[in-house]
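Sequence lines set the chain letters: A, B, ... in the order given, protein chains first and strands last, and positions in each chain run from 1.
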Amino acid sequence: MKDNTPINGNDLMALGYPQTELLGIALKANKKRTGLTKVEMLAHYKMVLDKAEDYINHHVFGKLAKAIVEGVGQREEEDVIPLREHGVGYSIYGSEHIEEGAIKQMQTAAKLPVAVAGALMPDAHQGYGLPIGGVLATENAVIPYGVGVDIGCRMALSIFDIKGVEFYGMEGLLKEQLVKHTKFGAGHGFQGQYKAQHDILDRGEFNLNPFIKNLQDKAWEQLGSSGGGNHFVEWGLMEFLERDEVLNIDKGTYLALLTHSGSRGMGATIAGRYTQIAKDICKLPYEAKNLAYLDLKSEAGQEYWAMMNLAGDYASACHEVIHDKLTKAIGAEVLAKIENHHNFAWKEMYQGREVIVHRKGATPASKGVMGIIPGSMTAPGFLVRGKGEEDALNSASHGAGRQMSRTQAIKNLKAEDIKAVLADCGVQLIGAGKDEAPMAYKDIHQVMAAQGELVDVVAMFTPKIVRMADDGSRED
DNA sequence: ATGTCC
């Protein structure tokens, strides 16, 4: 009988494997396991630890054995920057909605020697380094994975001078133009005459070094594209229950365009390079290694800061291109435009001193600052105004947050059930995988209720025509 | 999130 009983980190630690990167290498050996039971595997693991030399050429354990012989994961104590015994304080909003893994990651982040304060938003879930929905203020240090892989991932909303009732006569045009002017999928961009122009491509930061210079062409190609995963471009109806003086918009329902995407391949490449540089310089204990940080005064820190800002502005430019194309295509006037990053780091004041506030999947919500918190492809999104809650480091959630992991959703959800929900909500969907189904997300109303102290709702957005990247299995 | 491990 084939025994597929999984082996996890705890099993290996019980055998004496240290909680260092050696544990990760050891777990990889389990992926090559063929026809061996868990008991047999564990017996091998024990012997590899005791006599690694004998396993150097083994087809399953060779890599692990080599790592042990080379002393990987037995780093000299003095190389490692210790975490503080007691972390700085952090507030949690809607803890009943938050998975334990995210809270553990926040606890680790709070123990960083550079940590000043933190906060966890109600849509938080486990990420790489800092949890998604995590906010962390640090002193003179930037954590590339505290910003995230998709630097400058953001929302942009255009509200048009078109009344909601007119939407139903425009559906054909809206859908056609949405398909015509947007581009989705990993690696995808525009070619030839379809490439967009924007001042961002002339920015001096592209001349900082050869690394960033090499990303300029890709940035041009992908300018105005949306990428994959949970990114979208959608038409919907924006409902103001009362007149908003600041926006100068009367009570009523308006056609609106909402977009969610980031800095595409360019930002991901910057994030990857600078987190690696940070890890080489800033060696932290195993559980904190993805929180490696750069001193802002160091050369690498200044390079990252400049490139992060460039990637943020590039992400903004991508939204601008999409909104400009579609606004022109439908010949509408824009009454108001609102936008915000939700994966970024800012220099802000906290209790009288300057700190670096990392928001990784969190909406800036300083007093009076507007932001957009999307729901799902069928659930409403909200235009909000920050209340400036210092305990939340002036932040709010960046969405509903997942209720099902991507794999769970793909495995358990049925295409006809998703279709039924879309039909019920009157939403037309172009693209998207099952992992983006409405049921894969938490109830946005509960998430909003959990952050009533952080933001006021200004208006509500109801999605009507949604485009996302095609399902991975259907991708060309 | 990203052409999914340089």
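Checking each of A:L422, A:I465, A:V421, A:T462 against A:V427 for a side-chain contact (heavy atoms from CB on, under 4.5 Å) leaves exactly one that passes, namely A:L422. The residue from A:H342, A:M121, A:K360 that alone fulfils the side-chain contact (heavy atoms from CB on, under 4.5 Å) condition with A:H398 is A:H342.
One can place CG of A:N343 at 11 Å from P of B:dT2, the figure rounded to the nearest angstrom. Between the CE atom of A:M266 and the P atom of B:dT2 there is a distance of 14 Å, given to the nearest Å. If you measure from atom CG of A:D280 to atom C1' of B:dC6, you get 12 Å, rounded to the nearest angstrom. Computed from coordinates, the A:D470 CG to B:dG3 P distance equals 16 Å when rounded to whole Å. Atom-to-atom, CD of A:Q191 to C1' of B:dG3 comes out at 13 Å; the value is rounded to the nearest Å. Distance NZ (A:K183) to P (B:dG3): 14 Å, rounded to an integer number of Å. Rounded to whole Å, atom C1' of B:dT2 lies 15 Å from atom CD of A:E221. Between A:H188 atom NE2 and B:dT4 atom P there is a gap of 12 Å when expressed in whole angstrom units.
Contacts of A:G272 with the nucleic acid, taken as non-hydrogen atoms under 4.0 Å apart, are absent. Among the atoms of the strands shown, none is found under 4.0 Å from any heavy atom of A:G267. Within 4.0 Å of A:R406, counting heavy atoms only, lie sugar-phosphate atoms of the nucleic acid but no base atom. Nucleic acid contact class of A:G265 (heavy atoms, under 4.0 Å, all strands): sugar-phosphate only.
For A:D443, the side-chain contact (heavy atoms from CB on, under 4.5 Å) partners at least two apart in sequence or on another chain are A:H445, A:Q446.
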Please list, one pair per line, the donor and acceptor atoms closer than 3.5 Å that link side chains of residues 202-209 of chain A to other protein atoms, with sequence neighbours excluded.
unit_1, atom_1, unit_2, atom_2, d
A:R203, NE, A:E205, OE1, 3.0
A:R203, NE, A:E205, OE2, 3.4
A:R203, NH1, A:D313, OD2, 2.8
A:R203, NH2, A:E205, OE2, 2.9
A:R203, NH2, A:D313, OD2, 3.0
A:N207, OD1, A:K213, NZ, 3.0
A:N209, OD1, A:F211, N, 3.3
A:N209, OD1, A:I212, N, 3.0

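In this model, the phosphate group of B:dT2 is not approached by any side-chain N or O of A:K218 to a distance below 4.0 Å at OP1 or OP2.
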